[in-house]
Amino acid sequence: MNDQLNLTSVEDMSKKEVMHKLKLAQNFKNGKRVNLLRPVYAMNLFFENSTRTHTSFEMAEKKLGIDILQFDAKASSLTKGETLLDTIRTIQAIGVDFAVIRHPQNTYYQSLLENDLSISIVNAGDGSGQHPSQSLLDLLTIYEEFGHFEGLKVGIVGDLNHSRVAKSNMQILTRLGATVVFAGPEKWHSDEFNKYGDFISVDDLFSSVDVVMLLRVQTERLEKEFVGFDYHEYFKTYGLSQERYQTLKGNAIIMHPAPVNRGVEIQSELVESSKSRIFRQMENGVFVRMAILADILQQKGLLKGALDD
Ligand code: CP
């Protein structure tokens with residue numbers, strides 16, 4: 001579902017495209033600047049709560065010189081029955097160049113892309129589907145640490161079924177040559193994961209991987225299941241405790257897309273431990289999002305000069 005003017009998924013992203021985006025993000029991190037040929041406008045439409053993705057897209061837009069138009073889902077005409085497609089057509093007519101969208105419905109973007117819009121759609125997370133910018137910032141964080149993906153073992157732990165982070169990352173990491181393994185409650189694991197990696201015990205995972213990727217327990221998607229959910233028991237059975245931390249490989253790193261439930265997925269003090277890259281992931285998110293938007297700006301012919309990675 002990606003063309004050069006939209007970014008909605010990592011499912012079909014080639015190795016070459018990933019490495020181009022990571023190099024470009026590194027260049028932005030090292031101070032690269034771009035100049036726009038005309039004023040460019042973005043609107044960030046978030047229909048689910050967000051701190052990191054929303055703020056870092058906004059920061060990326062500002063750093064690229066893009067003007068941001070405010071959008072409040074609760075105050076918009078969607079509450080009067082307007083469809084998402086008509087909302088996007090409306091802001092396109094008004095002159096917005098980019099719509100960065102987070103939406104609870106999986107693949108909400110398909111119906112938009114079928115309509116030959118000139119506005120660019122950037123997926124900031126769809127339901128339990130895809131989270132492409134999170135996946136790319138995770139890749140940048142891993143690449144900065146190890147300098148390659150081939151041969152790395154990445155363990156994804158927790159609420160797999162509901163996680164767009166797990167799904168995006170298992171697809172792209174295996175394409176890049178990494179081995180992926182999964183752990184967590186069996187009821188949150190399903191057959192769709194089998195073609196990407198084995199489901200193993202959490203202790204075997206922690207002691208054998210190069211990258212631990214913890215997932216947030218998504219209470220907002222699990223209301224019924226969460227009646228009687230025992231957070232203490234979850235931490236004891238699957239959480240990264242100090243004891244389990246001691247079993248990690250010497251050069252292993254800990255990642256988590258955040259927000260973190262401290263004391264549930266991970267012992268609170270370990271969020272700031274020497275192996276944790278959780279705040280590095282957030283820092284990298286700005287530069288990856290600059291790379292995503294800059295590539296589209298180039299395709300739209302809105303950049304002065306070439307955008308070399
Ligand atoms: N990781 C992530 O998507 O965080 P937010 O929900 O705060 O954007």
Side-chain angles (χ1 to χ4, degrees), residues 7-11 21-22 25 42-63 68 70-74 98-109 121-142 144 154 156-173 184 188 211-223 240 253-262 264-266 270-272 276-293:
L7 183 89
T8 55
S9 166
V10 294
E11 202 166 353
K21 289 225 172 359
L22 300 190
M43 189 175 268
N44 303 314
L45 301 94
F46 278 64
F47 299 94
E48 283 184 346
N49 292 342
S50 165
T51 297
R52 276 144 291 274
T53 313
H54 197 166
T55 311
S56 58
F57 262 115
E58 207 168 296
M59 181 62 89
E61 288 153 359
K62 283 180 189 287
K63 281 178 180 271
I68 302 162
Q70 295 306 315
F71 175 82
D72 175 359
K74 288 196 184 77
F98 284 93
V100 176
I101 306 175
R102 171 170 288 189
H103 200 282
Q105 186 191 317
N106 284 24
T107 64
Y108 70 84
Y109 47 80
I121 306 298
V122 179
N123 181 14
D126 59 298
S128 59
Q130 285 278 318
H131 198 345
S133 63
Q134 177 72 45
S135 197
L136 287 165
L137 74 88
D138 289 344
L139 294 180
L140 178 59
T141 308
I142 295 170
E144 280 182 344
V154 180
I156 308 181
V157 185
D159 188 357
L160 298 161
N161 280 337
H162 298 90
S163 176
R164 52 195 173 215
V165 177
K167 288 169 194 165
S168 307
N169 278 335
M170 69 188 184
Q171 291 167 354
I172 199 68
L173 280 164
W188 292 344
V211 178
V212 173
M213 208 173 261
L214 302 170
L215 300 174
R216 182 172 68 85
V217 176
Q218 302 195 28
T219 46
E220 74 278 20
R221 297 192 204 286
L222 289 165
E223 273 170 29
L240 183 58
I253 60 169
I254 302 164
M255 297 172 64
H256 189 309
V260 176
N261 293 307
R262 288 176 183 255
V264 180
E265 298 99 35
I266 179 170
L270 297 179
V271 174
E272 286 83 16
S276 171
R277 298 293 177 271
I278 296 172
F279 289 98
R280 174 78 54 78
Q281 287 172 266
M282 296 174 203
E283 180 190 346
N284 285 341
V286 174
F287 305 109
V288 155
R289 289 170 176 127
M290 288 176 79
I292 290 169
L293 296 171

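Read the numbers this way: they start at 1 and go in the same order the structure lists the ligands and their atoms.
Heavy-atom proximity to Thr51, at under 4.0 Å, picks out these atoms of ligand 1: 5 (P), 7 (O), 8 (O). Interface of Pro257 with ligand 1, defined as ligand atoms under 4.0 Å from a residue heavy atom, comprises 1 (N). The distance from ligand 1 to the heavy atoms of Ser50 drops below 4.0 Å at these ligand atoms: 5 (P), 6 (O), 7 (O), 8 (O). Below 4.0 Å from some heavy atom of Ala258 lie the following atoms of ligand 1, by number and element: 1 (N), 2 (C), 4 (O).
Nearest non-hydrogen protein atom to atom 4 (O) of ligand 1 is Arg52 NE, 3.1 Å. Looking only at protein heavy atoms, the nearest one to atom 6 (O) of ligand 1 is Arg102 NH1, 2.8 Å.
With hydrogens and angles disregarded, a donor-acceptor distance shorter than 3.5 Å links the side chain of Gln130 to the backbone of Val10. At distances below 3.5 Å, at least one donor-acceptor pair connects side-chain atoms of Lys167 with backbone N or O atoms of Asn161. Under the 3.5 Å distance criterion, the side-chain polar atoms of Arg164 are matched with a main-chain donor or acceptor of Gly127. Looking at Gln281, its side chain never comes within 3.5 Å of a backbone N or O of Leu137 through a donor-acceptor pair.
Contact between Ala25 and Ala291 at its shortest, heavy atoms only, is N-CB, 3.8 Å.
Judged by the 6.0 Å and 45° rule, Arg289 forms a cation-pi pair with Phe57.
Considering backbone and side-chain N/O atoms, His54 never comes within less than 3.5 Å of an N/O atom of ligand 1.
Contacts between Glu48 and ligand 1 below 4.0 angstrom, taking non-hydrogen atoms only, are absent altogether.
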